[in-house]
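Report on the structure given below.
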Amino acid sequence: MHDDVLDTAVYGELCDATGSEFAVELVTTFLGDATTMLAELKTAVKTGDANGYRRAAHSIKSNAQTFGAGQLAEEAKQMELSDQLDSAAVTELERTFETAAAALQSLINA
């Protein structure tokens, strides 16, 4: 279904561990918070805030891993580990997030 964007087995394990309703709440919270985290990345690039950049990338990475969004997690990890504050990477991460968010939304609405 969404296996190219999401590892649905990871989401299934989360549902088993926390219950489906709570897993939906977690996804919904992440989808809302990620918008703020992406804005923090853009601000960090503009202001040269390397710590803020790494912190936001780390948060996105951790959450993406929790929900099985492997590509999103990997891109955020590369940003977290990078010495560069890269606006192009932020733009690419936003695209990847939109794809993962749509898949997660579809999954929780199923």
Distance from Leu6 atom CG to Phe67 atom CZ, nearest 0.5 Å? 10.5 Å
Just so I know, are the side chains of Lys42 and Glu94 near enough to count as touching, which here means a heavy-atom distance under 4.5 Å? yes
Going from OG1 on Thr28 to CD1 on Ile108, what distance comes out if it is rounded to the nearest 0.5 angstrom? 4.0 Å
Rounded to the nearest 0.5 Å, what separation is found between the CD atom of Glu98 and the CG atom of Leu93? 10.5 Å
Verify, without hydrogens or angle tests, whether Tyr53 (side chain) and Glu40 (backbone) share a donor-acceptor contact under 3.5 angstrom. no
Any chance you could measure Phe22, atom CZ, to Thr29, atom OG1, to the nearest 0.5 Å? 8.0 Å
Lys61/Glu74 salt bridge by N-O under 4.0 Å criterion: no
Non-neighbouring partners of Ala23 that pass side chain to side chain contact (heavy atoms under 4.5 Å, CB included), sequence neighbours left out: Tyr11, Leu14, Cys15, Thr18
If you group Ile, Leu, Val, Met, Phe, Trp and Tyr by side-chain heavy-atom gaps below 4.5 Å, do Phe30 and Leu26 land in one group? yes
Within the side chain of Thr47, is there an N or O that forms a donor-acceptor pair under 3.5 Å with the backbone of Thr43? yes
Interatomic distance, Ser20 atom OG to Glu25 atom CD [nearest 0.5 angstrom]: 11.5 Å
For Ala103 and Val5, the nearest pair of non-hydrogen atoms, with its separation, is CB-CG1, 4.0 Å
Check step by step if side-chain contact (heavy atoms from CB on, under 4.5 Å) holds for Gln105 and Leu31. CA-CA 9 Å; Gln105 194 66 52; Leu31 294 177; 3.3 Å; yes
So OG1 of Thr36 and CG of Leu41: to nearest 0.5 Å the spacing works out to 11.0 Å
Does CG in Asn109 sit with more than 12 non-hydrogen atoms of other residues, nucleotides or ligands closer than 6.0 Å? yes
Ala44 versus Leu85, closest heavy-atom pair with distance: O-CD1, 3.8 Å
Quick one: are Asn63 and Leu72 in side-chain contact, heavy atoms under 4.5 Å? no
Given the rule that I, L, V, M, F, W and Y join up when any side-chain heavy atoms are under 4.5 Å apart, are Leu107 and Val24 in one cluster? yes
Please tell me if the side chains of Val45 and Val90 come closer than 4.5 Å, counting only heavy atoms from C-beta onward. yes
Could you pull out all residues at least two apart from Arg95 that satisfy side chain to side chain contact (heavy atoms under 4.5 Å, CB included)? Thr91, Glu92
Can you name the nearest heavy-atom pair linking Ser82 to Arg54, along with the distance? O-NH1, 4.3 Å
